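We name chains A, B, ... by the order of the sequence lines, and we start the count at 1 in each one. What's counted below: heavy atoms across the whole structure, side chains too, no hydrogens, waters or symmetry copies. Predicted model, so just to flag it, every value in this text is computed and none were measured.
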Number of protein chains: 2
Amino acid sequence: MASAKMGSMSRSEPLRSRNAEQKATDVLPPPEQHARQYAAVRSAHETELIEDYVELIGDLLEHSGEARATDVAARMGVSQATVARMVRRLNELGYVSNEPYRSLFLTEEGRRMAAWSRERHAIVLQFLRALGVDDATARIDAEGVEHHVSEKTLELMQRFANERDRGT
Amino acid sequence: MASAKMGSMSRSEPLRSRNAEQKATDVLPPPEQHARQYAAVRSAHETELIEDYVELIGDLLEHSGEARATDVAARMGVSQATVARMVRRLNELGYVSNEPYRSLFLTEEGRRMAAWSRERHAIVLQFLRALGVDDATARIDAEGVEHHVSEKTLELMQRFANERDRGT
DNA sequence: CGACAAACTTAGCGAGTGCTAAAAAATTTT
DNA sequence: AAAATTTTTTAGCACTCGCTAAGTTTGTCG
């Protein structure tokens with residue numbers, strides 16, 4: 001069932017290699033490269049939730065002028081207690097500045113993160129729709145995908161969406 | 001910074017709406033829809049690790065005939081103790097059948113999951129490469145992305161990869 | 001202004017995933 | 001076969017993220 005044994009091989013041979021490369025999962029990567037892939041996913045997971053909270057707080061601030069813990073809880077679909085603990089953590093990490101019983105705000109650092117998350121999110125969403133995915137599905141998928149695309153991929157997605165939008 | 005205010009708007013108007021839709025994140029979804037999006041991500045997270053383990057065990061079985069806990073640990077980049085506990089859990093969930101101190105095997109259900117994960121993984125990987133992402137990056141991104149794409153998106157990705165491959 | 005409702009915080013539980021260290025079983029070497 | 005090595009398991013710790021329940025603080029309304 002296994003066939004070729006070609007590690008990475010950059011784009012050069014035009015014809016046969018294309019088809020051969022298709023079944024790329026036929027060969028397992030060397031163990032420690034494999035491990036690095038999973039490590040990357042785990043590491044992405046750690047920041048994922050944080051980014052989601054920061055992004056959401058930023059969105060709320062921008063759209064309604066303030067970000068109350070209640071709203072965050074409602075939109076994240078979690079309890080207020082969970083939000084409270086998370087906010088404390090975001091504060092410790094230097095992303096959120098807040099006073100007890102008051103609206104949440106983002107620090108400089110938090111705003112940077114929010115802006116970047118927001119941009120990334122928008123690109124992925126645009127891209128998915130350009131690909132032909134319906135709005136509702138695109139929104140859900142974007143939420144999950146955005147944290148796992150590298151900048152390289154993101155740039156290609158953006159290019160694709162732009163080309164597609166102006167009808168190339 | 002904010003501009004238009006148009007909720008979802010299905011695909012109909014051809015020109016202006018396209019550009020207007022670009023800033024789709026300008027409007028927040030209604031709270032409970034928003035919550036559902038995050039819930040979807042959380043729920044994906046729960047199965048993610050499980051799928052990764054099952055997929056990996058399936059790959060090892062296929063490529064080397066057996067799946068030792070040591071190999072799984074090495075490839076996941078995790079301690080053997082972690083694998084042992086995870087295997088017990090996979091067993092309880094009915095995906096893995098194993099006898100103490102012996103190689104791991106997949107149940108019928110486990111094989112189904114592995115096959116599906118494998119296929120999905122392959123599609124995403126192909127797709128990313130068709131998009132122009134280099135091999136190493138594509139592998140990493142695929143690992144993270146595969147768990148978050150709906151079937152609809154997956155199908156569109158596959159179509160795209162196929163078209164691109166035969167030069168459309 | 002007092003009372004009620006809403007928002008926020010704190011305390012404590014449960015599940016999941018990572019780790020190290022140490023014991024037990026299996027395998028390989030001598 | 002005994003010893004050494006490897007593999008697997010178990011035990012116990014840390015951390016994160018859900019939750020509920022119970023208290024505080026704030027804000028509003030009669």
Side-chain angles (χ1 to χ4, degrees), chain A residues 31 35-57 60-61 64-93 95-105 143-144 147, chain B residues 31 34-57 60 64-93 95-105 143-144 147:
Chain A
R36 252 180 282 122
Q37 288 176 23
Y38 285 116
V41 175
R42 278 196 298 273
S43 139
H45 269 171
E46 281 178 24
T47 41
E48 215 167 302
L49 237 203
I50 291 173
E51 286 178 346
D52 280 340
Y53 272 93
V54 170
E55 186 183 352
L56 176 55
I57 291 171
L60 286 171
L61 282 173
S64 56
E66 64 172 8
R68 312 302 304 259
T70 309
D71 301 334
V72 174
R75 296 199 108 91
M76 288 289 302
V78 299
S79 73
Q80 292 194 347
T82 298
V83 170
R85 181 151 38 74
M86 199 60 186
V87 165
R88 195 169 58 225
R89 203 165 152 236
L90 293 176
N91 190 315
E92 286 164 4
L93 290 172
Y95 297 122
V96 162
S97 73
N98 68 315
E99 320 233 349
Y101 298 98
R102 289 280 169 270
S103 169
L104 311 171
F105 292 98
E143 201 78 68
H147 303 280
Chain B
H34 212 165
R36 252 180 283 121
Q37 287 176 26
Y38 286 115
V41 175
R42 277 195 298 271
S43 137
H45 268 170
E46 281 177 23
T47 41
E48 214 167 305
L49 238 204
I50 291 172
E51 286 178 347
D52 279 340
Y53 272 92
V54 169
E55 186 183 351
L56 176 55
I57 291 171
L60 286 171
S64 55
E66 64 173 7
R68 312 303 304 259
T70 308
D71 300 335
V72 174
R75 297 199 106 91
M76 287 290 301
V78 137
S79 76
Q80 293 192 345
T82 298
V83 170
R85 181 152 36 74
M86 198 60 186
V87 165
R88 193 168 58 226
R89 196 159 160 243
L90 294 175
N91 190 316
E92 285 163 7
L93 290 171
Y95 297 123
V96 161
S97 73
N98 67 316
E99 319 233 347
Y101 297 97
R102 288 281 168 271
S103 170
L104 311 170
F105 292 98
E143 199 79 65
H147 302 280

Check: Got a second to check how far A:Y95's OH is from A:I57's CD1, nearest 0.5 Å?
Finding: 12.5 Å
Next item on the list: Look at B:R88 and D:dT10 and indicate whether a side-chain polar atom (N or O) is within less than 4.0 Å of OP1 or OP2.
Entry: yes
Check: So does B:R89 reach the base of C:dG16 with its side chain, donor to acceptor, closer than 3.5 Å?
Finding: no
Check: Hey, is the side chain of A:T70 poking within less than 4.0 Å of OP1 or OP2 on C:dC8, counting only N and O atoms?
Finding: yes
Check: Once you round it to whole Å, what is the distance between C1' of D:dC17 and CE of A:M86?
Finding: 8 Å
Check: Is the phosphate of D:dC19, meaning OP1 or OP2, less than 4.0 Å from a side-chain N or O of A:S79?
Finding: yes
Note to self: Determine whether a donor-acceptor pair (one donor, one acceptor, N or O, separation below 3.5 Å) exists between the side chain of A:Y101 and the base of C:dT9.
What the structure shows: no
Check: How many Å lie between CD on A:Q80 and P on D:dG18, as a whole number?
Finding: 15 Å
Next item on the list: Give B:A69 one of three labels, base, sugar-phosphate or nothing, depending on what nucleic acid heavy atoms sit under 4.0 Å from its own.
Entry: sugar-phosphate
Margin query: Classify A:R85 by what it touches in the nucleic acid, base, sugar-phosphate, or nothing, heavy-atom distance under 4.0 Å.
Written below: base
Notebook entry, point to check: Nearest nucleotide by nearest heavy atom, which residue falls closer to the 5' end of DNA chain C, A:V87 or A:R42?
Noted result: A:V87
Margin query: Rounded to whole Å, please give me the gap between CG in B:L90 and P in D:dT9.
Written below: 12 Å
Checklist line | Between C:dA25 (P) and B:R102 (CZ): distance, integer Å | finding: 13 Å
Item checked: Nearest non-hydrogen partners of A:V41 and B:E143, listed with the distance -> CG2-CG, 3.7 Å
Notebook entry, point to check: 5'-most contact on DNA chain D: A:P100 or A:A81, nearest heavy atom basis?
Noted result: A:A81
Check: What is the minimum heavy-atom distance between A:E66 and A:L61, and which atoms define it?
Finding: CA-CD2, 3.7 Å
Report, one line per pair, each donor and acceptor closer than 3.5 Å where one atom sits in a side chain of residues 67-78 of chain A; sequence neighbours left out.
| unit_1 | atom_1 | unit_2 | atom_2 | d |
| --- | --- | --- | --- | --- |
| A:T70 | OG1 | A:Q80 | NE2 | 3.2 |
| A:R75 | NE | B:H34 | ND1 | 2.9 |
| A:R75 | NH2 | B:P29 | O | 2.1 |

Checklist line | Spacing of A:Y38 atom OH relative to C:dG18 atom P, expressed in whole Å | finding: 12 Å
Checklist line | Nearest-angstrom distance from the residue atom CD of A:E48 to C1' of D:dT16 | finding: 14 Å
Next item on the list: Looking at every strand, decide which applies to B:V83 at a 4.0 Å heavy-atom threshold: base, sugar-phosphate, or nothing.
Entry: nothing
Margin query: Does C:dT17 have OP1 or OP2 under 4.0 Å away from a side-chain N or O of B:T82?
Written below: no
Next item on the list: Starting from the 5' end of DNA chain D, give me the residue, B:R68 or A:E46, whose nearest nucleotide shows up first.
Entry: B:R68
Next item on the list: Quick one: pull up OG in A:S43 and CD in A:E48 and give me the separation to the nearest 0.5 Å.
Entry: 10.0 Å
Next item on the list: Using atom CD of B:E99 as one end and atom C1' of D:dT9 as the other, report the distance to the nearest whole Å.
Entry: 15 Å
